[in-house]
*Asks:* 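Sharing a structure here in structure tokens format.
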Amino acid sequence: MKSESLSNLQSILDKGDFAVTSECGPPRGADPEIIRKKGELLKGYVDAVNVTDNQTAIVRMSSIAACAHLVQLGLEPVMQMVTRDRNRIALQSDILGAYSLGIKNILCLSGDHQTFGSQPDAMNVFDIDSMNLVNMVKNMKTEGKDMSGFDLKSPPKMFIGAAANPFADPFEYRIIRLAKKIDAGADFIQTQCVYNMDRFKEWMRLAREEGLTEKTHILAGVTPLKSERMAKYMASKVAGMDVPESLIKRMGDVPKEKAAEEGIRICVETIAGLREIKGVHGIHIMAIEWEEKVGPIVEAAGLSPRPQAA
Amino acid sequence: MIVGKQKPIAEIKEIISPYKKVLVLGCGTCVKTCFAGGEDEVATLSSALRLSCKKEGKDIYIEELTVERQCEDEFIREAAIAISKNSAVLSLACGAGVQAIARRFGDVPVLPGVNTTFIGVLEKQGLFTEECLGCGDCKLAAFGGICPVTRCAKKLQNGPCGGSQNGICEVNPDTECAWQQIITRLGNLGQLDNLKKYNPPKDWRPSHAGGPRKLVREDHFI
């Protein structure tokens with residue numbers, strides 16, 4: 001690929017620099033100022049910003065539109081795209097449209113099931129799964145074709161991401177699935193939030209053994225905890241999340257007004273630990289409705305200023 | 001078999017309310033097995049309707065009949081006389097049976113008394129589980145005999161998703177993760193290599209996505 005068409009995130013990872021991405025949830029409304037404000041808080045601290053696609057199956061401003069607002073601000077988005085709401089025709093069409101708006105990164109997901117959201121009476125789509133979506137975007141990039149085999153004029157050349165959850169079951173199969181996603185076309189992987197470092201290290205060891213860290217860029221997910229309550233909620237209510245008891249205790253042992261500070265400290269320590277793991281090429285900071293803390297976390301972790309893209 | 005569940009009596013009363021003479025028509029096959037519309041359910045429902053209408057001072061005549069299968073013309077014919085004596089039919093068959101009656105008796109209102117739910121099995125006494133969506137292109141050979149189209153809430157062809165924990169689906173704690181079951185079963189069969197294969201996007205044309213389906217067997221034409 002010509003360097004001028006590379007995304008900022010890709011050029012940083014290709015150079016071997018440690019990448020920092022963050023996340024931005026679009027509003028439940030049509031005001032672009034909300035997304036711009038969130039974007040301004042992140043500007044300069046991260047290499048790219050994930051924009052969620054109706055996360056937790058709650059209707060929000062579309063990921064594409066919110067991404068386009070960030071592009072206008074000079075921020076690089078990672079467009080999240082789920083297979084829950086659109087069939088293959090709509091997905092391909094939206095990818096063409098997104099690329100035309102200057103969106104160069106995509107994260108391919110299946111999406112939270114609609115029964116978790118505010119409109120559980122909705123029908124889902126799931127025409128294809130996230131693995132198929134990764135492969136579709138790859139074929140657009142490398143073959144220049146849509147799923148019908150049609151030669152696209154100006155095919156989109158997205159930097160393709162996929163998610164991995166090292167903490168879900170069955171553990172051994174997680175590496176097989178990671179390998180499948182890489183073979184399908186995942187250039188980078190963003191993981192579920194890491195709280196259980198031992199289990200994450202074990203997962204990374206298996207990934208290295210299979211040679212997967214040579215084939216893709218793994219960005220480890222982190223989410224700063226705001227309170228003991230949040231830690232307990234994440235541990236018990238969020239599927240596929242592994243929060244060790246020791247961390248919940250640590251959050252509970254500090255006075256309530258100091259809990260957020262402690263959560264940030266834990267997050268910075270986690271990042272330091274993740275940087276030591278061979279094959280971890282970056283971090284993905286998911287500060288849920290807490291975007292103003294991303295800058296301070298990046299600074300405290302010694303990851304500021306961000307490298308300039310080539 | 002086709003599994004169905006009888007509609008709530010209040011809804012049944014509402015849909016039969018315009019009629020004075022109603023035939024409650026059972027079906028002696030699938031819906032009998034799942035206790036929704038066999039002879040016993042016809043009798044129980046008819047008594048309940050008579051009693052309820054009497055209490056409310058409503059004048060209604062209810063006749064009972066059960067045929068072997070409402071989805072086959074040969075058996076439907078047996079109901080012709082009873083149907084001719086009534087002003088509406090409340091069918092306790094699945095949706096196919098209701099429509100077969102409607103097709104045969106063009107000028108009689110046919111009302112559904114059962115919600116048809118799924119193709120499933122009797123897992124144990126009193127528990128029916130969904131096993132097949134009738135997608136028209138069976139790939140059970142690749143998945144160790146467990147269907148991800150039906151039994152994974154996201155129909156994942158390359159699962160499991162990140163929400164599978166301790167063998168349970170994140171969508172419903174009462175549902176086992178189909179992909180965990182597939183992996184366990186492939187392990188038992190010595191076919192774990194199947195998991196490494198990329199399963200391409202499914203062709204949905206043979207499914208209902210292609211519109212209502214027909215099966216033509218010319219060798220059986222008379």
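Numbered from 1 within each chain, the chains take letters A, B, ... in sequence-line order.
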*Asks:* Is the closest side-chain heavy-atom distance between P160(B) and P170(A) below 4.5 Å?
*Replies:* yes

*Asks:* Among L156(B), I168(B), N172(B), who wins on heavy-atom pairs under 4.5 Å with chain A?
*Replies:*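 Of the candidates given, the most pairs with chain A belong to L156(B).
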
*Asks:* With a sphere of 6.0 Å drawn around CZ of F171(A), does it hold more than 12 non-hydrogen atoms of other residues, nucleotides or ligands?
*Replies:* yes

*Asks:* Name the option with the most non-hydrogen atom pairs under 4.5 Å to chain B; the candidates are T115(A), N124(A), N135(A).
*Replies:* N135(A)

*Asks:* Hey, which of Q114(A), M136(A), R174(A), K181(A) has the most heavy atom pairs under 4.5 Å with chain B?
*Replies:*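 The residue among Q114(A), M136(A), R174(A), K181(A) with the greatest pair count is R174(A).
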
*Asks:* Could you tell me which portion of D127(A) (side chain, backbone, both or neither) has an atom closer than 4.5 angstrom to a non-hydrogen atom of chain B?
*Replies:*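 Interface part for D127(A): both.
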
*Asks:* CD of E14(B): more than 12 outside heavy atoms within 6.0 angstrom?
*Replies:* no

*Asks:* How would you list, by chain and number, every residue that makes a side-chain contact (heavy atoms from CB on, under 4.5 Å) with T66(B), sequence neighbours excluded?
*Replies:*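 Here the qualifying residues are E39(B), V42(B).
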
*Asks:* Please indicate whether K145(A) has more than 12 foreign heavy atoms, meaning atoms of other residues, nucleotides or ligands, lying under 6.0 Å from its NZ.
*Replies:* yes

*Asks:* Could you tell me which portion of M241(A) (side chain, backbone, both or neither) has an atom closer than 4.5 angstrom to a non-hydrogen atom of chain B?
*Replies:* backbone

*Asks:* At what distance, to the nearest 0.5 angstrom, does CD of Q180(B) lie from OH of Y173(A)?
*Replies:*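 These two atoms lie 11.5 Å from each other.
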
*Asks:* Select one option (side chain, backbone, both, neither) describing which atoms of R84(A) are under 4.5 Å from chain B's heavy atoms.
*Replies:* neither

*Asks:* Surrounding CG of L140(B) (heavy atoms of other residues, nucleotides or ligands, distance under 6.0 Å), is the total greater than 12?
*Replies:* yes

*Asks:* If only atom types and distance count, is the side chain of Q165(B) paired as donor or acceptor with the main-chain N or O of G240(A) below 3.5 Å?
*Replies:*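 Yes, because the side chain of Q165(B) sits within donor-acceptor range (under 3.5 Å) of the backbone of G240(A).
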
*Asks:* With a 4.5 angstrom heavy-atom cut-off, could you sort out which part of N165(A) is near chain B: side chain, backbone, both or neither?
*Replies:*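 For N165(A), the contact with chain B is made by the side chain alone.
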
*Asks:* Which pairs count as side chain to side chain donor-acceptor pair (under 3.5 Å) when at least one residue sits in residues 147-159 of chain B, sequence neighbours excluded?
*Replies:* S110(A)-K154(B), D129(A)-N158(B), K180(A)-N158(B), E131(B)-R151(B), R151(B)-Q181(B)

*Asks:* Taking everything shown except E130(B) itself, do over 12 heavy atoms lie less than 6.0 Å from its CD?
*Replies:* yes

*Asks:* With chain A as the partner, which of G167(B), C177(B), G159(B), A209(B) has the greatest number of non-hydrogen pairs under 4.5 Å?
*Replies:*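 Of the candidates given, the most pairs with chain A belong to G159(B).
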
*Asks:* Looking at R229(A), I want to see if its CZ is surrounded by more than 12 non-hydrogen atoms of other residues, nucleotides or ligands under 6.0 Å.
*Replies:*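 No, the 6.0 Å shell around CZ holds no more than 12 heavy atoms from other groups.
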
*Asks:* Can you list everything that forms a side-chain contact (heavy atoms from CB on, under 4.5 Å) with A164(A)? Sequence neighbours excluded, please.
*Replies:*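 Expected list: L178(A), I189(A), W203(A).
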
*Asks:* Please say whether more than 12 non-hydrogen atoms of neighbouring residues, nucleotides or ligands are located less than 6.0 Å from NZ in K32(B).
*Replies:* no

*Asks:* Taking atom SG of C161(B) and atom CZ of R177(A), what is their separation to the nearest 0.5 Å?
*Replies:* 7.0 Å

*Asks:* Taking only heavy atoms into account, what residues of residues 185-208 of chain B are found under 4.5 Å from chain A?
*Replies:* L195(B), K196(B), K197(B), Y198(B), N199(B), P200(B), P201(B), K202(B), W204(B)

